[in-house]
Amino acid sequence: MKLPAPILTPPFNITRASHVVLTVADLDASKAFYTDLVGLVVTAEDSEAVYLRGREESCHHSLVLRKGATPECQRIGLRVLTDDDILKAKDYFDSIGTEARIVDVPYQGKTLHFNDAIGMPVELTASMPAQPRLFMSYDRYHGASAQRLDHWQIQAQDVRRAFNFWHPLGFRASEYTYSIDDGGENLWGVWLQRKGNPHDLVFTNGPGPRLHHFAYLLRDAHDLVHACDVAGAMGLGRRLERGPGRHGISGAMFIYFRDPDGHRIELFNTHYQTIDLEDPIGWDLQDPRRADQWGLPAQAKWFNEATTFAGSPPALPDLKSELPTLERFLGMV
């Protein structure tokens with residue numbers, strides 16, 4: 001399988017993954033999870049929302065928790081370089097028939113809302129109120145001491161359609177997975193980036209659109225283990241869903257937790273740079289090393305469960321190939 005060459009002069013300049021907005025049932029419980037275990041910093045809060053950021057981040061927020069009856073993801077957020085890019089994005093989406101509108105959002109500059117080709121709600125913003133970076137305030141480190149938001153993984157009912165939407169916007173594939181059937185090779189997953197490491201935005205086959213997980217970068221492997229110890233001490237050990245392990249795709253060491261509402265967060269470190277132009281790495285879906293170099297695949301729920309997006313009910317995917325699961329690995333089914 002060969003993916004098309006990257007677009008080097010996109011219509012506007014997306015720079016990186018920025019933030020994610022989740023609804024949660026209990027703000028206090030979710031705030032405790034993300035500050036005491038994950039180690040994020042509260043920038044602002046009121047009775048309806050909590051705004052958090054990582055230790056390294058100077059942006060006002062990379063995670064927004066909003067009080068709501070139904071746990072879901074309201075939007076993912078991407079940064080663009082300038083306010084002019086917001087206007088250019090609006091003109092571009094108008095030209096391709098994608099509804100987009102400029103809105104006011106607390107603690108953000110000019111912001112554009114739209115849904116992508118698979119129905120995922122997205123917002124672009126160029127600025128937030130600057131905050132002090134706290135990565136050298138070691139005396140204030142807490143829990144896993146998460147440093148910065150890095151990426152999301154999205155379950156998509158049509159990975160190729162999602163790729164075709166984001167590819168013209170300058171997203172470059174670093175790695176991808178494919179399945180083989182009687183019709184040939186199918187694009188099963190694609191790792192897309194704008195900031196020079198393996199991924200800002202990942203799409204994998206599944207009922208979608210759904211947010212599979214969002215990921216924060218840690219400093220080193222010690223913080224991964226420490227997060228597990230902190231979870232155990234807090235009585236949250238059962239919220240550890242997967243890991244520690246090491247991905248084949250990206251090479252990152254990882255752990256995955258589920259928060260009080262079931263939203264999945266990855267804590268990871270040690271992936272690589274991919275700044276120069278180079279061909280993406282392809283992985284056969286049946287190669288178990290793509291998911292975990294240490295040999296033990298994830299439980300079935302890691303593949304099957306994800307967070308729905310507000311206003312975008314998931315649709316079933318066209319691709320039906322089976323993924324390896326823990327039950328199959330252990331010979332249980």
Trainee: For His226 and Tyr141, run ring-ring contact (aromatic ring centres under 6.0 Å, His included): C-alpha distance rounded to whole Å, both residues' side-chain angles, the deciding distance at 0.1 Å, then the answer.
Mentor: CA-CA 12 Å; His226 183 61; Tyr141 272 33; over 10 Å; no
Trainee: What are the two closest non-hydrogen atoms of Thr270 and Met253, and how far apart are they?
Mentor: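 The answer is OG1-N, 3.3 Å.
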Trainee: Under a 4.5 Å cut-off applied to non-hydrogen side-chain atoms, are Val64 and Gln74 in contact?
Mentor: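 No, their side chains stay 4.5 Å or more apart.
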Trainee: Taking side chain as C-beta onward, heavy atoms only, is His60 less than 4.5 Å from His19?
Mentor: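 Side chain of His60 against side chain of His19, heavy atoms only: no contact under 4.5 Å found.
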Trainee: How about His247 and Glu266: does a side-chain donor come under 3.5 Å of a side-chain acceptor?
Mentor: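 A donor-acceptor contact under 3.5 Å links the two side chains.
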Trainee: For Ser174 and Tyr272, work out which heavy atoms get closest and say how close.
Mentor: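 Distance-wise, the nearest heavy atoms are CB-OH, 4.2 Å.
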Trainee: Dump the intermediate steps for side-chain contact (heavy atoms from CB on, under 4.5 Å) on Leu201 and Ile76, then the final yes or no.
Mentor: CA-CA 10 Å; Leu201 187 54; Ile76 65 166; 4.1 Å; yes
Trainee: Please walk me through it: do Asp223 and Asn269 pass side-chain hydrogen bond (donor to acceptor under 3.5 Å, both in side chains)?
Mentor: CA-CA 9 Å; Asp223 289 326; Asn269 71 347; over 6 Å; no
Trainee: For Lys195, does the NZ atom have more than 12 heavy-atom neighbours from other residues, nucleotides or ligands under 6.0 Å away?
Mentor: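 More than 12 within 6.0 Å, yes.
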Trainee: Does atom CG (Asp104) have a neighbourhood of more than 12 heavy atoms from anything else shown, all under 6.0 Å?
Mentor: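 Not more than 12 within 6.0 Å, no.
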Trainee: Looking at side-chain heavy atoms only, is the closest gap between Leu211 and Val20 below 4.5 Å?
Mentor: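 Yes, side chains in contact.
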Trainee: Show, in sequence, the C-alpha distance, side-chain angles and deciding distance for Trp191 and Thr177, and conclude whether the side-chain contact (heavy atoms from CB on, under 4.5 Å) test is met.
Mentor: CA-CA 9 Å; Trp191 279 246; Thr177 56; 4.0 Å; yes
Trainee: Is the His212 to Trp152 ring centre distance short of 6.0 Å?
Mentor: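 No - the distance between ring centres of His212 and Trp152 does not fall below the 6.0 Å cut-off.
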Trainee: Linking directly or through intermediates, with side-chain heavy atoms under 4.5 Å: list the remaining ILVMFWY members grouped with Leu134, chain and number order.
Mentor: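 Under the 4.5 Å side-chain rule, Leu134 groups with Val41.
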Trainee: Quick check: are there more than 12 heavy atoms from other residues, nucleotides or ligands sitting under 6.0 Å from CG of Asp94?
Mentor: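 Enclosed.
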Trainee: Of all the heavy-atom pairs spanning Pro209 and Met120, show the shortest one and how long it is.
Mentor: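 Minimum heavy-atom contact is CG-N, 3.9 Å.
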Trainee: Any chance you could pull the hydrophobic cluster mates of Val103, using side-chain heavy atoms under 4.5 angstrom and chaining through other members?
Mentor: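 Members other than Val103 - counting any ILVMFWY side chain reachable under 4.5 Å - are Val105.
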Trainee: Looking only at heavy atoms, which two atoms of Arg239 and Asp259 are closest? And how far apart?
Mentor: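 The answer is NH1-O, 3.1 Å.
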Trainee: State which residues pass side-chain contact (heavy atoms from CB on, under 4.5 Å) with Leu81; sequence neighbours excluded, sorted by chain then number.
Mentor: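 Applying side-chain contact (heavy atoms from CB on, under 4.5 Å) to Leu81 gives Asn13, Thr15, Asp85.
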Trainee: What pair of heavy atoms forms the shortest contact from Pro106 to Tyr51, and how long is it?
Mentor: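 So the two residues come closest at CB-OH, 3.7 Å.
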Trainee: Compare every heavy atom of Phe257 with every heavy atom of Ala231, then report the nearest pair and how far apart it is.
Mentor: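 Of all heavy-atom pairs spanning Ala231 and Phe257, the closest is CB-CE2, 3.6 Å.
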Trainee: With a sphere of 6.0 Å drawn around CD of Glu99, does it hold more than 12 non-hydrogen atoms of other residues, nucleotides or ligands?
Mentor: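 Open: at most 12 neighbouring heavy atoms sit under 6.0 Å from CD of Glu99.
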Trainee: Is the positively charged end of Arg290 above the ring of Trp283, judged by distance under 6.0 angstrom from the centroid and angle within 45° of the axis?
Mentor: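 Not flagged: Arg290 not positioned over aromatic ring of Trp283.
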Trainee: Would you please indicate yes or no on a ring centroid separation below 6.0 angstrom for Phe33 and His263?
Mentor: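 No; Phe33 has its ring centre 6.0 Å or more from that of His263.
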Trainee: Do you know which of Glu72, Gln155, Gln153 makes side chain to side chain donor-acceptor pair (under 3.5 Å) with Arg210?
Mentor: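 Only one of Glu72, Gln155, Gln153 forms a side chain to side chain donor-acceptor pair (under 3.5 Å) with Arg210, namely Gln155.
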Trainee: Mind telling me whether Trp166 and Phe171 have parallel, tilted or perpendicular rings, with 30° and 60° as the class edges?
Mentor: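 Rings of Phe171 and Trp166: perpendicular, as their planes differ by over 60°.
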Trainee: Is there a donor-acceptor contact under 3.5 Å linking the side chains of Gln193 and His151?
Mentor: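 No, no side-chain donor-acceptor contact under 3.5 Å.
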Trainee: Determine, step by step, whether Thr43 and Gln131 satisfy the side-chain hydrogen bond (donor to acceptor under 3.5 Å, both in side chains) criterion, reporting the C-alpha distance in whole Å, the side-chain angles of both residues, the deciding distance to 0.1 Å, and the verdict.
Mentor: CA-CA 8 Å; Thr43 307; Gln131 306 299 312; 5.1 Å; no
Trainee: Does any part of the side chain of Thr308, heavy atoms only, come nearer than 4.5 Å to the side chain of Thr70, both counted from C-beta?
Mentor: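 A side-chain contact under 4.5 Å is absent here.
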Trainee: Assess whether atom CD of Gln273 is packed by more than 12 heavy atoms of other residues, nucleotides or ligands within 6.0 Å.
Mentor: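 Check fails, neighbour count at 12 or below.
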